[in-house]
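Just so we're clear, the structure is a prediction, and the values are computed from it rather than from any experiment. Computation of the quantities below employed the complete heavy-atom set of this structure, encompassing side-chain atoms and omitting hydrogens, waters and symmetry-equivalent molecules. The first residue in the sequence is number 1, and the count goes up from there.
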Amino acid sequence: YRTKGEMVITCRAAIAWTTNAPLTIEKVEVDPPKAGEVRIKVNINETFSKHELPFPAIWGHEGAGTVESIGEGVTIIIFFVFSLGDKVLMFPLPECRECSSCLHPKSNFCLKESILPPTGLMLDGTSRFTCRGRKIYHLYGTSTFTEYTVVHEIAVGKIDDDAPMDTVCILSCEVPTGFGAVFNIAKVRMFTPGSTCVVFGLGGIGSAVVMACKASGASRIIGVDIKEEKFPRARTLGVTDCLNPQKLKKPVQEVVVEMTGKGADFAFEAIGLIDTMVATLESCHPSYGVGVIIGLAPTNSQLIFDPMLLLSGRTLKGGALGSESCIPKMVTDYLQKKINLDPLITHTLPFESINKAFELLLHNTQTFIIFNLCSQKY
Ligand SMILES: NC(=O)c1ccc[n+]([C@@H]2O[C@H](COP(=O)([O-])OP(=O)(O)OC[C@H]3O[C@@H](n4cnc5c(N)ncnc54)[C@H](O)[C@@H]3O)[C@@H](O)[C@H]2O)c1
Ligand SMILES: [Zn+2]
Ligand SMILES: [Zn+2]
């Protein structure tokens, strides 16, 4: 395979200098990829949240781009067969395809996920970014708010040449997480045709969960969110009943149990709060209900619930990035019109408006916000 680009590239990136300050678009130097790494020309980015990581940093953990150069000893190409110029998606959860998790057909939580802990550095303990003479930290081994980034080969997957990057970029993380929770973890379709599902949180992931529940034949989908602005869109995606826990006279799980008779067949937590995780479990039917945790709880938090909830037969599960390696296949499914991603994308903004996107994220009914780093269309 060919390598290119021994050179440092200077390009634009959005830098988070410190907590609670707007990002600034700056010139950064991006080093060539080291062993086992690839440098990607990032074309498209998508939604994000703020992260508590070392500063200054380049955020963004989801994006699509093309391979600009390949470091020494990149071995994974045996499996993923990419070369210069190929279209790729970057994943925040790597797939080494060698560890026991990757080799098992039912799991995807790669044991090399040591990329994830918040060191802000590549696996060799260094950074590839410099700005104004300062070292800039990475995010989850991805860092996509930049025109060029360097990622580990195991965090990149080749996608179809004709995939439109401005849509399929949402398959980097959140959509496979939501779809996978329904298809692979809960297995909604397989167990219960015409089932009842509850979705806690109607943001990006929750919206994908709703679509997947509908596609799995759920006849009733109860959406729970404290922002009622989310309800009209959620209904168009498949939610049949909307609940705002802040407007209810009793705990939302009690209302769900009443609405469903004995509890829902499936409940999904797509918020990341302990209380709603307990509510998810308590919303499930006592003997066959399945609760799935997708949200990321605050660091060091503990989930405490009455074990009798499980004794009667309920199941509590969880998973990351859809729990099976399915991302490049989902791109193909999109191209073949087996899944429709278009209704999930609510905004497309130029890179310069990155701070406006943070505002939208806080105050609006956004689901996915896409950033164009280039003026061309892909
Ligand atoms: N498991 C995985 O692989 C994985 C991958 C990516 C993200 N996540 C996590 O999933 C969670 C959801 O991500 P997202 O991008 O959809 O977030 P989001 O911010 O787009 O959506 C969260 C939604 O929850 C609602 N909400 C907040 N507090 C609530 C409450 N108390 N009751 C009801 N609704 C409430 C918000 O109004 C919002 O609509 C986050 O914790 C994220 O870190 C997990
Ligand atoms: Zn692995
Ligand atoms: Zn994500």
Side-chain angles (χ1 to χ4, degrees), residues 177-295 297 303-319 322-323 367:
T177 298
F179 277 56
V182 175
F183 297 138
N184 306 332
I185 305 174
K187 298 192 169 43
V188 172
R189 188 196 306 260
M190 209 182 285
F191 288 132
T192 347
S195 56
T196 299
C197 301
V198 190
V199 185
F200 287 85
L202 299 170
I205 295 190
S207 299
V209 169
V210 167
M211 278 179 101
C213 287
K214 190 176 179 198
S216 297
S219 57
R220 192 169 189 191
I221 305 173
I222 303 169
V224 180
D225 207 295
I226 49 174
K227 285 193 187 161
E228 294 190 14
E229 311 90 271
K230 304 262 175 168
F231 293 164
R233 265 187 57 77
R235 284 184 191 278
T236 65
L237 298 176
V239 165
T240 53
D241 309 74
C242 294
L243 295 178
N244 175 356
Q246 294 176 337
K247 297 258 177 86
L248 300 172
K249 293 206 171 66
K250 44 179 129 177
V252 62
Q253 54 269 49
E254 284 179 30
V255 173
V256 171
V257 169
E258 270 170 24
M259 287 168 75
T260 53
K262 279 282 175 200
D265 297 304
F266 302 96
F268 299 88
E269 205 279 351
I271 302 168
L273 297 173
I274 293 294
D275 282 356
T276 44
M277 289 177 186
V278 174
T280 297
L281 186 60
E282 291 178 347
S283 297
C284 293
H285 188 281
S287 58
Y288 52 74
V290 178
V292 181
I293 291 178
I294 320 166
L303 179 60
I304 297 170
F305 59 86
D306 181 350
M308 289 302 282
L309 286 168
L310 299 183
L311 221 70
S312 56
R314 283 184 188 85
T315 309
L316 182 62
K317 304 174 102 179
S323 147
T367 316

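- Ring pair His285/Tyr288 is parallel by interplanar angle, where below 30° counts as parallel and above 60° as perpendicular.
- Within the structure, salt bridge (charged side-chain N to carboxylate O under 4.0 Å, His left out) pairs that include any residue of residues 193-205 do not occur (at least two apart or interchain).
- Residue pairs meeting the salt bridge (charged side-chain N to carboxylate O under 4.0 Å, His left out) criterion with at least one partner in residues 261-275, sequence neighbours excluded, do not occur; the list is empty.
- Using a 4.5 Å cut-off on side-chain heavy atoms (C-beta onward), Cys284 and Val290 make no contact.
- For the atom pair Asn184 CG and Lys317 NZ, the distance stands at 9.5 Å (nearest 0.5 Å).
- When atom types are taken as modelled, the side chain of Arg235 and the backbone of Thr240 share a donor-acceptor pair closer than 3.5 angstrom.
- In terms of heavy-atom proximity, Ile185 sits nearest to Gly319 at CD1-CA, 3.6 Å.
- With a 4.5 Å cut-off on side-chain heavy atoms, Thr280 and Val198 do not count as touching.
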Working for side chain to side chain contact (heavy atoms under 4.5 Å, CB included), residues Val239 and Phe231: CA-CA 8 Å; Val239 165; Phe231 293 164; over 6 Å; no

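- Shortest non-hydrogen contact noted between Ala264 and Val256 is CB-CG1, 4.5 Å.
- Shown here for Leu273 and Thr276, the closest heavy-atom pair between the two residues is O-OG1, 3.0 Å.
- Looking only at side-chain heavy atoms (C-beta outward), Val292 and Phe266 stay at 4.5 Å or farther from each other.
- Partners of Glu254 according to the side-chain contact (heavy atoms from CB on, under 4.5 Å) rule, which considers only residues two or more places apart in sequence or in another chain, are Lys250, Pro251.
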Show every donor-acceptor pair shorter than 3.5 Å between a side-chain atom in residues 211-221 and any protein atom, with sequence neighbours excluded, or say none if there are none.
| residue | atom | partner | partner atom | Å |
| --- | --- | --- | --- | --- |
| Ser216 | OG | Ala212 | O | 2.8 |
| Ser219 | OG | Gly194 | O | 2.9 |
| Arg220 | NE | Asp241 | OD1 | 3.1 |
| Arg220 | NH1 | Met259 | O | 2.8 |
| Arg220 | NH2 | Asp241 | OD2 | 3.3 |

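- Every residue two or more places apart in sequence or in another chain was checked for a side-chain contact (heavy atoms from CB on, under 4.5 Å) with Pro232, and none qualifies.
- When all heavy atoms are compared, the tightest approach of Met277 to Gly295 is CE-O, 3.5 Å.
- Between Pro245 and Val224, some side-chain heavy-atom pair lies under the 4.5 Å cut-off.
- The shortest side-chain heavy-atom distance between Thr177 and Val209 does not fall under the 4.5 Å cut-off.
- From Asp225, atom CG reaches atom CD1 of Ile271 across 6.5 Å, with rounding to the nearest 0.5 Å.
- Across all non-hydrogen atoms, the minimal contact from Ile274 to Ala297 is CD1-CB, 4.1 Å.
- Annotation: ring pair (Phe, Tyr, Trp, His ring centres under 6.0 Å) contacts of Phe305 (sequence neighbours excluded): none.
- Between Ile222 and Val199 the shortest side-chain heavy-atom distance does not fall below 4.5 Å.
- A donor-acceptor pair is defined here as one N or O able to donate and one able to accept, closer than 3.5 Å; no such pair exists between the side chain of Ser287 and the backbone of Gly313.
- Judged as a side chain to side chain donor-acceptor pair (under 3.5 Å), and not counting sequence neighbours, the contacts of Asn244 are Glu228.
- Contacts of Thr196 classified as side chain to side chain donor-acceptor pair (under 3.5 Å), with partners at least two apart in sequence or in another chain: none.
- For Leu248, the side-chain contact (heavy atoms from CB on, under 4.5 Å) criterion is met by Leu243, Val252, Val255, not counting sequence neighbours.
- Phe268 has its side chain within reach of Val182: a pair of non-hydrogen atoms, C-beta onward, lies under 4.5 Å apart.
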CA sep, side-chain torsions, deciding dist, call: Val188, Cys197, side chain to side chain contact (heavy atoms under 4.5 Å, CB included): CA-CA 9 Å; Val188 172; Cys197 301; 4.2 Å; yes

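- With Arg314 contributing its side chain and Leu309 its backbone, the two residues share a donor-acceptor pair below 3.5 Å.
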